[in-house]
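Comments concern the structure below.
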2 protein chains.
Amino acid sequence: MCRVLGCDDLASMRRLGWTLNLRSGQPLFHEGDPANRVFTVTRGALKLYKLLPDGRRQITGFMFPGDFLGIAVDDEHAFTAEAMADSQLCWFPRNRFSDFVDAHPNLERELYRIAAHELAAAQRQMVLLGRKTATERLASFFLGLLARVEKTEGPTRMIDLPMSRLDIADYLGLTKETVSRVLAALKSKRIIRLDALDRVEVLDRLALADQGEGNGAE
Amino acid sequence: MCRVLGCDDLASMRRLGWTLNLRSGQPLFHEGDPANRVFTVTRGALKLYKLLPDGRRQITGFMFPGDFLGIAVDDEHAFTAEAMADSQLCWFPRNRFSDFVDAHPNLERELYRIAAHELAAAQRQMVLLGRKTATERLASFFLGLLARVEKTEGPTRMIDLPMSRLDIADYLGLTKETVSRVLAALKSKRIIRLDALDRVEVLDRLALADQGEGNGAE
DNA sequence: CGTTCGATTGAGCTTTCTCAAGCACAGTGG
DNA sequence: CCACTGTGCTTGAGAAAGCTCAATCGAACG
């Protein structure tokens with residue numbers, strides 16, 4: 001029904017997939033759940049997060065159409081996945097997926113490639129969380145989203161934000177209030193414009209890059 | 001001469017490996033360098049880090065004997081690797097390694113498994129960096145080191161710290177001063193003892209776990 | 001319209017950082 | 001054998017970034 005990975009020679013896999021729809025706010029699975037399926041996002045947007053026992057939350061990533069969701073250790077989900085907007089996914093039973101992977105060495109390699117990319121992204125996020133200021137975090141966040149949009153849709157200055165301020169805060173290791181304040185500051189400096197609450201226009205990408213990449217003195 | 005991965009059926013690979021020695025403080029490679037080799041640590045300890053243009057540093061991980069070092073995107077290193085103590089590694093040319101992997105499907109799977117584990121560790125570190133207090137970060141750090149030591153050497157209360165306070169700080173997203181102060185606090189609470197500057201004894205593992213896992217009110 | 005919920009703004013506070021001084025230990029040379 | 005020196009660690013005091021709590025705003029929806 002739908003494809004799970006981007007590999008061109010995997011079209012045959014489409015026949016094995018089921019479709020699943022999620023309403024905004026609905027969880028796909030929880031941290032600790034047995035990971036007996038693998039997914040590809042086909043529509044919408046999800047957030048992935050981990051919770052501390054007292055409720056503090058860290059969002060470890062956002063998923064958009066085309067993203068693969070199924071890397072797991074010991075067949076157990078390491079995070080919760082929840083729809084931020086009405087979403088559609090394609091899924092396979094994991095054991096069937098494993099069989100399929102066994103039969104297709106290229107797919108194994110593709111899977112590894114995806115994991116390596118996610119690892120590199122996680123390392124960049126560690127730098128952000130450990131060492132960047134609030135302004136730098138927001139700037140990096142927007143540049144990352146922009147790069148992602150432009151990869152599929154070509155050059156643009158508009159970014160859609162399917163996530164709330166709280167989600168952004170929990171992704172960047174800040175509070176929603178700080179996110180609001182930094183957005184206000186970036187607006188007043190004419191670096192961004194808020195077309196709507198959930199839609200940002202990047203007015204000055206160079207200034208944003210300056211702020212985002214830790215070039216020392218502003 | 002030495003093995004790169006833990007897979008038992010890969011003993012034959014040992015014949016392909018070269019040995020490399022590093023003095024404490026010596027870099028193995030830098031972020032951005034072409035990644036034309038893969039490594040396994042056989043002795044010593046390394047730190048992996050990324051720098052911001054202005055010099056701020058985030059250590060993304062530490063490597064100990066048995067650890068594999070070679071996951072890369074686009075054959076480029078995403079971080080710098082530097083010896084924290086005199087170290088020994090085993091290495092292969094990456095292209096030869098790739099050929100070998102092609103010929104051994106199990107190895108490909110093992111590689112994926114390693115990447116998945118590292119990704120899970122990176123996600124836990126994001127929670128630490130984004131949401132934990134200084135005390136919680138140190139507690140989690142010690143518990144992680146302890147678990148790692150115990151995995152190979154059985155139950156113990158002693159942890160060796162081959163890294164400096166600055167390294168710990170740059171791993172936990174703190175300053176060396178804060179690390180020192182938190183250590184002093186944990187000492188005065190009789191939760192840990194400093195056998196030497198680079199050697200910690202865990203006196204009260206439960207208290208450490210309480211502090212480390214975000215159980216809210218202390 | 002009134003309500004609701006997320007976003008924004010404000011004020012004061014806390015944690016952690018910064019800067020600076022002091023300490024301890026290892027290595028060196030008198 | 002012991003001062004001397006360098007380096008990393010610790011401790012202190014003040015500053016700052018970001019957090020908390022609280023009030024207000026504003027768009028969406030009945």
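Proteins get letters first, then strands, A, B, ... in listed order; numbering begins at 1 in each.
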Subject >> Sequence neighbours excluded, every pair satisfying salt bridge (Lys or Arg N to Asp or Glu O under 4.0 Å) that has a member inside residues 79-92 of chain A >> reply: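 Non-adjacent pairs meeting salt bridge (Lys or Arg N to Asp or Glu O under 4.0 Å): A/Lys47-A/Glu82.
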Rounding to an integer number of Å, can you tell me how far [X] [atom1] sits from [N] [atom2]?
X	N	atom1	atom2	answer
B/Leu138	C/dT16	CG	P	11 Å
A/Leu194	C/dG6	CG	C1'	14 Å
B/Leu128	C/dT16	CG	P	12 Å
B/Glu136	C/dT14	CD	P	18 Å
A/Arg165	C/dC5	CZ	C1'	14 Å
A/Met163	C/dA7	CE	P	12 Å
B/Leu166	C/dT18	CG	C1'	14 Å
A/Leu186	C/dT8	CG	C1'	15 Å

Given side chains that start at C-beta, do those of [X] and [Y] come closer than 4.5 Å, heavy atoms only?
X	Y	result
A/Leu52	B/Val127	yes
A/Glu136	B/Arg56	yes
A/Leu69	A/Phe29	yes
A/Arg137	A/Lys132	yes
A/Leu145	A/Phe64	yes

**OP:** Could you go through the ring pair (Phe, Tyr, Trp, His ring centres under 6.0 Å) check for A/Phe62 and A/Tyr171 one step at a time?
**Re:** CA-CA 9 Å; A/Phe62 297 112; A/Tyr171 180 59; 4.8 Å; yes
Original post:
Which is the 5'-most and which the 3'-most nucleotide of DNA chain D that has an atom under 4.0 Å from a heavy atom of chain B?
Top reply: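 So the outermost contacting nucleotides come out as D/dC9 to D/dA13.
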Original post:
Roughly how far, to the nearest 0.5 Å, is the CZ atom of A/Phe142 from the CG atom of A/Leu161?
Top reply: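 Nearest 0.5 Å value for the CG-CZ distance: 5.5 Å.
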Subject >> side-chain N/O B/Thr178 vs C/dC17 OP1/OP2, d < 4.0 Å >> reply: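 Yes, within the criterion.
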**OP:** Assess whether side chain to side chain contact (heavy atoms under 4.5 Å, CB included) is satisfied between A/Ile168 and A/Phe141, documenting all intermediate values.
**Re:** CA-CA 9 Å; A/Ile168 297 173; A/Phe141 175 60; 3.9 Å; yes
Listed pairs, N/O of protein and of nucleotides 19-21 of chain C, under 3.5 Å:
residue	atom	partner	partner atom	Å
C/dC19	N4	B/Glu177	OE2	2.9

